[in-house]
Amino acid sequence: MQAANSHRLTPYLFLAPAGLVLAVALLYPIGYMVYASFLDWNPSQKINEAAFVGLRNYANLLVDPAFRESLWVTIKFASVVVSLEMLLGVGLALLLDRKLRGMTLLRTLFILPMMIAPIVVGLMWRYMYHPTVGTFNRALKGLGLPPVEWLSDSNWALVSIIIADIWQWTPFIFILALAALQSLPKSAMEAARIDGATGWQQILHIKLPLMMPVLIVTCLLRLIDAFKVLEVVLVLTNGGPGLSTEILSLRIARTASEFRELGKAAAMSNYLLLFLMVLTLAMFFYSKATERRAARLRAEAEGAH
Amino acid sequence: MISTVKKIALVATFMAGVAGAALGGPYDAYKGKTLVVNFPAHPHYNAVMKVLPEFTKETGIKVEVDQLEYLKMREKQTLELTKAKGDYDVIAYVVFSKADYVFADQLENLARFFMNPLLADPAYDPADIIPGYMQNIGEAGGKKGYLPGPTASLFGIPFGAETSILGYRKDIFEKHNLKVPETYDELLDITCKIPKLEPGMGGLASRAASGQHASHAYLLHLAPLGGKVFDDQWNPVINNEAGLKAAQTLKTIVDCGPEGAKTFGFAEAGAAFLQGKTAMFLDSTVFAGQVDDPSKSKVVGKVGWAMHPMGVRRASQTGGFGIAIPKNAKNKEAAFLLMQWLTSKKADKLIALQGGNPIRFSTHGDADVNAKFPYMKTFGEALKYADPDWRPIIPPWGKINNDLGTTMSKVITENADIKASFDGLAQRTQATMKEAGYDTWK
């Protein structure tokens, strides 16, 4: 009996170190953040001096117009950049998935923007957007067009940071989509070609559906990242004009350092975390559902034979 | 963060050895000690770095400086000050940190040092230090908590303090026979005349970028135009007539400013003036040192200085940095000696000659200093009107300041209705103040 018990415990014993590392490295900080979000805590206090306020931070945030505006800006930003990046990235991958001379070099060139530190990207674009000496306005002037207030007009400012983000992160989608394309089963392509599928039909009915699992993960990774973007916006507009580009992570940083409300900043981070978790779960269940549907179709197809 | 830390150990052992025989009195007990101080990366403190070896030579006390970007500095100090034993013996703090640090009981009250005959130098002459600076940066606990008054005490000494001053292009003003503006009406008139007289040139370079910059620029005009953020009962009055006029003033200035003015920060506004793209500059005195530096400025020798124009009253800003001794410092007495030395008449002059911002009337009037920086005398005049209450220094200010800055930015960039915007601002400010407990006694 004793021996059986210890046998049953053995796997858990082996798992214990990993579990411990997980608890210390992952759960503790998150737990700390969740706890902090229930406090009225300013950085000059130690955490045990902070007053417990329950859900007040969460409740206040829900009616805080600045937070809501910032959340809305973030959603707008993330959804636009991720859809455009997916479109461009996958499109580029489909175009460049062929044997060309110097392809390796081209591919390296394409992914360069991704490797530049975000602060540098921000500074670079800021100079290009400069109202008088910037590349864009000088080009516009050269073409006889009126200059655009890239960063000082509240509608253009969001567009400007979207352009910069697309420039930087499209390569990420491109490189993953390309990898997915190249690992597609050759037999399926061949079969399609033999059956007389046109290029478009191949893309729409063979390539894209087969790439879908990779694309979903890619999209999710980008989405999570887009919700947390900070540096480029910080350098380009610092949230302005007004609150037009004040994305959530910038608002969180401000709340913690400028407004000195650590509890509220933690609560905002938790809202963001919850929001991203819902998104992830939705994506997860969607891909599960499509897989199941595919499996059912396959089973039906096999049954028909 | 570590990467921005510039640790410079000023070890002048051989000098101390040479001067050893001559040492006597107050510094003896602390000879050979090392003080750790936290300074911002800032023109004034760069000048201080050049003068510090003099202190070590004179006293035998070594000083190790941790110089940080000023916003980083505040974050680091916030952590540092909550420790049981701190690393810093002296900190330089941004003026709006006064509220946080004093409220959290993290700074030494300086009274016990000034009472100690072993430490206090009778020749210190505190009355020579500009009162506006002392009240704004050093004192707390008086009127409304952050101002001087019968209940106030001293927690820090201004060091690297600044006020607002008007810089103007002498050549442009002469060319068009313009009179240097004395009042706000004249200022606005000239500001919007310049773009017509000198195509491509803006009137006045001002900050306007969303947040801190727009807020600063707005407050700069609010005090002289007779406005205040709060009345004496902590009710926001920023949306009264003077408050709205200040907003309109800033909007007019930006509209008549150079291209891109809507998103200027302090650096961009300064650069516009230095590049000859505006005829006037109205902001901190810190800026003045660069005007005649040919490597940064295209307007060398063309700039004249005048007092911040008058609205219904004269009130220039007060801000910048002060130095204080943290409660958790290890060498408080030696730290006080360093503070006293740095803010003495002698060191104030030495630092001013290196391009720093003096805090004493005597230094502003000093012949040597004026020979090198002719504008110092005007600055000294302007400092008589330095207003310690041009903006409130209370813990919730960070949040209100940001809201004011984004509201102002919306007025500037989106042409938002001033009255409606500021009514909304006042309403939100009222809620913030309530949350912070300022309506407890109402």
Side-chain angles (χ1 to χ4, degrees), chain A residues 40-51 53 56-57 60 63-66 69-70 126 129-134 137 141 147-157 160 234-246 250-251 253-262 264-265, chain B residues 71-72 74-75 77-79 81-84 96-97 99-106 200 208-214 254 258-265 268 272 275 277 395-403 405-416 421 424 428 431-432 435-436:
Chain A
D40 180 10
W41 181 22
N42 85 57
S44 290
Q45 293 172 310
K46 293 182 182 124
I47 191 165
N48 50 18
E49 294 167 357
V53 294
R56 197 181 80 189
N57 288 329
N60 283 351
V63 292
D64 177 358
E69 184 163 353
S70 155
R126 189 164 150 183
Y129 284 136
H130 191 281
T132 43
V133 298
N137 273 359
K141 222 178 231 172
V148 170
E149 293 183 313
W150 295 103
L151 299 175
S152 51
D153 180 284
S154 47
N155 296 317
W156 274 109
S160 302
L234 190 76
V235 177
L236 273 180
T237 62
N238 198 14
L243 287 174
S244 59
T245 57
E246 185 160 284
L250 189 58
R251 180 112 201 132
R254 283 224 167 112
T255 306
S257 64
E258 265 178 58
F259 314 162
R260 297 168 61 89
E261 296 174 323
L262 295 181
K264 204 174 248 182
Chain B
L71 287 172
K72 285 268 175 296
R74 185 161 183 244
E75 272 171 38
Q77 284 173 1
T78 300
L79 291 177
L81 292 178
T82 48
K83 292 192 341 198
F96 49 78
S97 300
D100 300 317
Y101 298 168
V102 172
F103 189 67
D105 196 21
Q106 290 166 330
S210 195
Q212 155 72 15
H213 292 294
V254 174
E259 214 170 13
K262 286 177 186 171
T263 48
F264 276 179
E268 287 93 347
Q275 295 299 312
K277 292 206 168 80
W397 178 244
K399 192 171 183 180
I400 299 162
N401 188 44
N402 187 279
D403 196 358
T406 44
T407 306
M408 194 59 232
S409 171
K410 279 182 187 170
V411 168
I412 292 171
T413 59
E414 296 169 16
N415 282 319
S421 305
R428 292 190 297 275
T432 305
E435 205 181 315

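Letters go in sequence order (proteins before strands), and every chain restarts at 1.
Neither the backbone nor the side chain of E49(A) comes within less than 4.5 Å of any heavy atom of chain B. Q77(B) does not touch chain A: none of its heavy atoms, backbone or side chain, sits under 4.5 Å away.
With chain A as the partner, the residue from T82(B), D100(B), I400(B) showing the most heavy-atom pairs under 4.5 Å is D100(B). With chain A as the partner, the residue from L81(B), D403(B), T406(B) showing the most heavy-atom pairs under 4.5 Å is T406(B). Here T78(B) is the residue among V411(B), T407(B), T78(B) with the most heavy-atom pairs under 4.5 Å with chain A. The candidate from R260(A), K46(A), E258(A) with the greatest count of non-hydrogen atom pairs under 4.5 Å with chain B is R260(A). Top candidate by heavy-atom pairs under 4.5 Å with chain A, chosen from R428(B), K277(B), E268(B), M408(B), is E268(B). Of the listed residues (G398(B), A208(B), P395(B), P258(B)), the greatest number of heavy-atom pairs within a distance under 4.5 Å of chain A belongs to G398(B).
Side chain to side chain, E259(B) and T132(A) fail the donor-acceptor criterion of an N or O pair below 3.5 Å.
Contact record, S257(A) with E75(B): CB-OE2, 3.9 Å, taken as the closest heavy-atom pair. Minimum heavy-atom separation, K410(B) to G242(A): CG-CA, 3.7 Å. Between Q106(B) and S44(A), the closest heavy-atom pair is NE2-O, 3.4 Å. Across S152(A) and T263(B), no two heavy atoms sit closer than the pair CB-CG2, 3.3 Å.
Remark: the backbone N or O of P241(A) is not paired with any side-chain donor or acceptor of S210(B) at under 3.5 angstrom.
For the side-chain hydrogen bond (donor to acceptor under 3.5 Å, both in side chains) test, no residue two or more places apart in sequence or in another chain qualifies with T255(A). Residues that satisfy the side-chain hydrogen bond (donor to acceptor under 3.5 Å, both in side chains) test with N401(B), not counting sequence neighbours, are Q212(B), S215(B).
Separating the OG atom in S154(A) from the CG atom in N415(B) is a distance of 9.5 Å, to the nearest 0.5 Å.
Here the side chains of E435(B) and N60(A) are in contact, with some heavy-atom distance below 4.5 Å.
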